[in-house]
Amino acid sequence: WGMNEYGELGTTAAIDLCDIPGITLVACTGTPQRVTGAPAFAALASSRGHGSSCGLTAAGAAWCWGFGLGGQLGDGRSADSAQAVAVAGGHQFAMLRMSSSSLASCGLTPSGEGWCWGPFPDLWGNGAGVGSNVPVRVDWGRGFATLDLGELHGCGLTADGQAWCWGSNWYGQLGVGSAGGSGGLSSSGTPRAVVGAQVWRGIATGSDHSCALDDTGAAWCWGVAYALGSPTSVPDYVGTPQRVAGGMCSR
């Protein structure tokens, strides 16, 4: 349900029109629509901005729908789709993540192999020069047990809990100790180790920041200052993990 400008609801059914100020009349609905042509899914992933979504079946097959002009659907075309299409390659993924900007998607196989697609290869983390409308094998130089994609950067955790990030670092969101906006590293096409060598058990990326949970369940964040949950005395950009204030832990 919601807006359907690019087929992001995954339906070809006739639905209502909404007048969005400053844009135009676009297809929309507040009533849930069944995604057309889709199998049963065990997990879903979605982007914001130009809308596209993907689902994973219980067997790990990926299907996507919505905005796809940059190859975001991974089916070998560069076109939108108002119904679910199978991601090319027949891969079986244990996890699927989409960037919030709808510029890339990455899947992890059960063995930890990474496969990515979309128009913005900086989000893949393997230094690729061009995007792809089908999954491309990503060699991160290490295996990740989990990963997440933000707007222009991504982060992953290895099996032993080490955090590595790649992509834009303008706000320090890679956690490498500096920020491009203050004269430091502006970006990295390949994973860089988050400083501190802490052991993490979970990681998530936002638009301009990243956060991770330590062994005690305490949250730590780095990147643009307003998103860190830290005292106001920190600089505008923070390139090292900062403990989120409040003393809360999740065990």
Side-chain angles (χ1 to χ4, degrees), residues 2-12 33-140 143-156 166-168 189-191 205:
M3 196 165 73
N4 197 39
E5 186 175 6
Y6 304 100
E8 54 263 56
L9 302 189
T11 180
T12 56
Q33 304 294 307
R34 178 74 179 265
V35 175
T36 305
F41 293 128
L44 295 172
S46 189
S47 66
R48 58 184 175 82
H50 292 310
S52 53
S53 298
C54 295
L56 277 184
T57 68
W63 293 68
C64 299
W65 59 93
F67 185 76
L69 292 182
Q72 288 92 335
L73 305 186
D75 65 338
R77 303 179 303 149
S78 295
D80 300 343
S81 179
Q83 64 180 24
V85 294
V87 173
H91 306 289
Q92 291 184 319
F93 296 122
M95 174 184 294
L96 181 65
R97 293 290 184 264
M98 304 181 72
S99 68
S100 59
S101 58
S102 190
L103 292 175
S105 297
C106 291
L108 281 178
T109 69
S111 64
E113 281 187 358
W115 293 79
C116 299
W117 61 93
F120 192 66
D122 281 0
L123 276 164
W124 303 359
N126 70 337
V130 295
S132 175
N133 56 19
V134 296
V136 172
R137 173 74 169 89
V138 175
D139 183 4
W140 287 302
F144 288 128
T146 187
L147 62 83
D148 199 25
L149 298 180
E151 185 170 3
L152 295 174
H153 79 291
C155 293
W166 60 89
S168 173
T190 55
T205 56

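Not measured: the values here are computed from a predicted model. The chain is numbered in sequence order, starting from 1.
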| field | Shortest non-hydrogen separation from Cys116 to Trp140 and the atoms involved | value | SG-CZ2, 4.3 Å
| Reported CZ-to-CG distance for the pair Arg97 and Leu149, which is rounded to 0.5 angstrom | 8.5 Å
| field | Under 3.5 Å donor-acceptor, Thr11 side chain and Thr36 backbone | value | no
| query | Mind checking whether Phe41 and Leu56 have side chains closer than 4.5 Å, heavy atoms only? | reply | no
| query | Hey, does the side chain of Thr205 reach the backbone of Gly150 with a donor-acceptor pair shorter than 3.5 angstrom? | reply | yes
| note | Nearest heavy-atom contact between Trp124 and Val138 is O-CG1, 3.5 Å
| query | Minimum heavy-atom separation for Val87 to Cys64, with atom names? | reply | CG2-SG, 3.6 Å
| message | Tell me the closest heavy-atom pair linking Leu123 and Ser101, and the distance in Å. | response | CD1-OG, 4.2 Å
| Check: Thr109 side chain, Gln92 main-chain N or O, donor-acceptor pair, under 3.5 Å | no
| message | With a 3.5 Å distance limit and no angle check, can you tell me whether Trp63 reaches the backbone of Cys54 through a side-chain donor-acceptor pair? | response | no
| remark: Here the pair of heavy atoms bringing Glu151 nearest to Ser99 is O-CB, 4.4 Å
| said: Just verifying a value: how many Å separate Leu152 CG and Asp122 CG, rounded to the nearest 0.5 Å? | reply: 8.5 Å
| remark: CG (Asp80) and CG (Leu73) are apart, to the nearest 0.5 Å, by 7.5 Å
| task | Measure the CG-OG distance between Leu44 and Ser53 for me, rounded to the nearest 0.5 Å. | result | 7.5 Å
| request: Hey, could you give me the CG/CH2 distance between Asn126 and Trp166, rounded to the nearest 0.5 Å? | output: 10.0 Å
| message | Any side-chain to backbone donor/acceptor pair from Glu113 onto Ser111? Under 3.5 Å, distance only. | response | no
| remark: Rounded to the nearest 0.5 angstrom, the CG-CE distance for Asp148 and Met98 is 12.5 Å
| said: What verdict does the side-chain contact (heavy atoms from CB on, under 4.5 Å) test give for Arg77 and Val85, after you've listed the backbone C-alpha separation in whole Å, the side-chain angles of each residue and the deciding distance to 0.1 Å? | reply: CA-CA 10 Å; Arg77 303 179 303 149; Val85 294; 4.0 Å; yes
| query | Closest approach of Trp65 and Gly55, non-hydrogen atoms and distance? | reply | CZ3-N, 3.9 Å
